[in-house]
Student: 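Structure incoming, see below.
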Amino acid sequence: MSKPFVSVERLTQQFPDGAGGTLTVFENATFGIEKGEFVCILGHSGCGKSTIMNILAGLAEPTSGVVKMDGFEVSGPSLDRGVVFQNYSLLPWLSALKNVIFGVKARYPDWSKEKVEDHAKEYLAMVGLDGDAIHRKPAQLSGGMRQRVSIARAFANHPKLLLLDEPFGALDALTRGTIQDELVKIWGGTEQTVFMITHDIDEAIFLADRILLMTNGPHARVAESVEITLPRPRSRTTVVDHPNYYAIRNHLVHFLGERSKELAGQDTGAEDNKPETIRLGQTGPRPAPEPVLEPEPESSGPDLRAVNQ
Amino acid sequence: MPRQTMFSGGGKMIRNFDARSAILSFVILFAGLFIWQITTYVPETELVGTVLSDEQQEVLLSKDMAAEDIEFYASQGIEFSQIDQIAGLGLSREMIEMAGGIQALGISAPDENSAPAPGSLFPSPGQIGTELWATITDPFYVAGTNDMGYGIQIGYSLLRVVIGYTLAAAVAIPLGFLIGMSPLFYRALDPYIQVLKPISPLAWMPIALFTIGDSELSSIFVIFICSLWPMLTNTAFGVANVRADWVNVARTHELGSVKTAFTVILPAAAPTIITGMRISIGIAWLVIVAAEMLVGGTGIGYVVWNEWNGLRLDRMIVAILLIGVMGMLLDAAFARLQRAVAYTE
Ligand SMILES: Nc1ncnc2c1ncn2[C@@H]1O[C@H](COP(=O)(O)OP(=O)(O)OP(=O)(O)O)[C@@H](O)[C@H]1O
Ligand SMILES: [Mg+2]
């Protein structure tokens, strides 16, 4: 088997625990990402998702283990890995446009001024920002608009790998949906590889080709890799009707609810501590044959569908 | 549109507020000037002169003293008994003056110094206004080394401040950057900064005068040393506290350290740095007045000292007012700069 585009091998991170000892956040975390894949990672707070992302970005060094991209070991940040930080991290003294230009200029230093600006505007338009909004400072933009600027900045640089840390965490449901659609559209158009952290199960299912599941920390690891066997293009309103949707969703809820705790601290037993691949429901029976009559109170999915039908 | 009404309503309220505060300012100014004028008002009749009764006047006239002379001596504050003595001499005023004045003839009269001289009483706003007007209308005259327009004197002070301050900025900002970016330097230099910073700039004056010798350079050095610390510590603090997220943005864009310093750290720390520069210019302007009082020669600080020695309090107060106005202008310039680099997160 050939190596995946990004391969994370036996990554371990320890921090001083503040009481003189060491805190092993995750241990021997191993997984791969294929080229052009959209991968989401789910896990409880504190299991080390952001830490893994910082290591992938090259902003932090792991205690042990390696990250390879295209066969080369990652050491230090690179323009090949674009990052959308959890808090947007726009430069507040620059306008939205100038923030994107900042990135484009770094990526393409020999482009002319006009070319850089046109390119930046093109990507801002792609995330639905144009007119005078792009000349405003981040403080004068709404949270959703800031997030879109941040995404535009990352996409405009054509990174080989796009890293997103809970990019929609602070957004309301409506804005969240709009930007998710835009993200999928841009990703589909550019064939970039995306690695995204989220806490939202439905968001992960809607966006991802594959979802990595982490056990609880300390000594967390990537335990399962769940393939999202839902055809694309996916529509927010119809994806929930697909027979596989609830099988996948229930599996994820079950994992995060119970098994992430049960499996904590155990090795997978597989070669290289690789996560177990889960492929659900493709041939199995539909888990909820009459979904309208069987609403699930804890999820918004069925309600939404009932309304839309 | 309700929005528009609300907005224009807000605008009116702000304009109202401006007008009210301006009116209040003027009321305070006029009240202050009025009280000042009253307390410094001295009726001239009370100032000098002896009041002679008709009887006394008769006595003097009977001794062949001219009525004109009697009036003159009385206006000089000379007592009746002494005027009587003068009358006894039988000499006219012209003759007495030719002989060297009444003092020369052994008659004690209030001498010039004990009569209130024009500047020895606290000047009234009116007197100051006159001096101020003279200064404003002709600020740049040169009538000798000790008599130059206040415009020129302020210019001397400003020149010293600008030179010392610019040198300080040229040292403090790069050094502050280094200290802010390197925890090692931060720790290593911190003790020196903490000890040197609280030393009064004027305490450096003797060292400067001894080592540099030249008084001009010494005052520039004192400005340099007092401007240095706020700029240095603020730059270091601003640079050290740039949000790690923004530095990470620079890192993920593969910016080199020089580019990161100029495109991320400098704009991020600029408000803190400019605040330091604003504090420094304020201190420099305070210190130049004191330094010029010490070393003398030229400058608005020297003017204050000089006018005090000449007991020209009215001119001194004009100089003091100019110091305040100039300080305000310097501060306003930096306030404007501060607004230009400010950002909201
Ligand atoms: N620089 C650090 N020093 C010490 N401990 C750290 C450091 N960074 C992270 N940790 C610890 O590592 C653990 C994982 O942190 P991380 O931010 O990666 O969690 P996360 O999975 O992203 O959580 P969340 O979902 O809440 O964002 C936490 O227990 C945290 O306290
Ligand atoms: Mg996190």
Student: At a heavy-atom separation under 4.5 Å, does B/V341 approach chain A through its side chain, its backbone, both, or neither?
Tutor: neither

Student: Would you call A/K121-A/D130 a salt bridge at under 4.0 Å N-O?
Tutor: no

Student: Who wins among A/S89, A/A57, A/P159 for the most heavy-atom pairs under 4.5 Å with chain B?
Tutor: A/S89

Student: By a 4.5 Å heavy-atom criterion (distance strictly below it), what part of A/N54 contacts chain B: side chain, backbone, both, or neither?
Tutor: neither

Student: Between B/R160 and B/E216, is there a salt bridge with N-O shorter than 4.0 Å?
Tutor: yes

Student: Heavy atoms only, distances under 4.5 angstrom: which of A/S78, A/G103, A/G58 has the most pairs with chain B? Name it, please.
Tutor: A/S78

Student: Before accepting this row, confirm whether a basic side-chain N of the pair A/D80/A/R107 lies closer than 4.0 Å to the acidic partner's carboxylate O.
Tutor: yes

Student: Between A/R176 and A/D200, does at least one N-O distance fall below 4.0 Å, as a salt bridge requires?
Tutor: yes

Student: Quick one: what part of B/A268 sits under 4.5 Å from any heavy atom of chain A, side chain, backbone, both or neither?
Tutor: both

Student: Less than 4.5 Å to any heavy atom of chain B: does that hold for the side chain of A/L90, its backbone, both, or neither?
Tutor: backbone

Student: If we ignore angles and hydrogens, is there a donor and acceptor under 3.5 Å between the side chains of A/E37 and A/T193?
Tutor: no

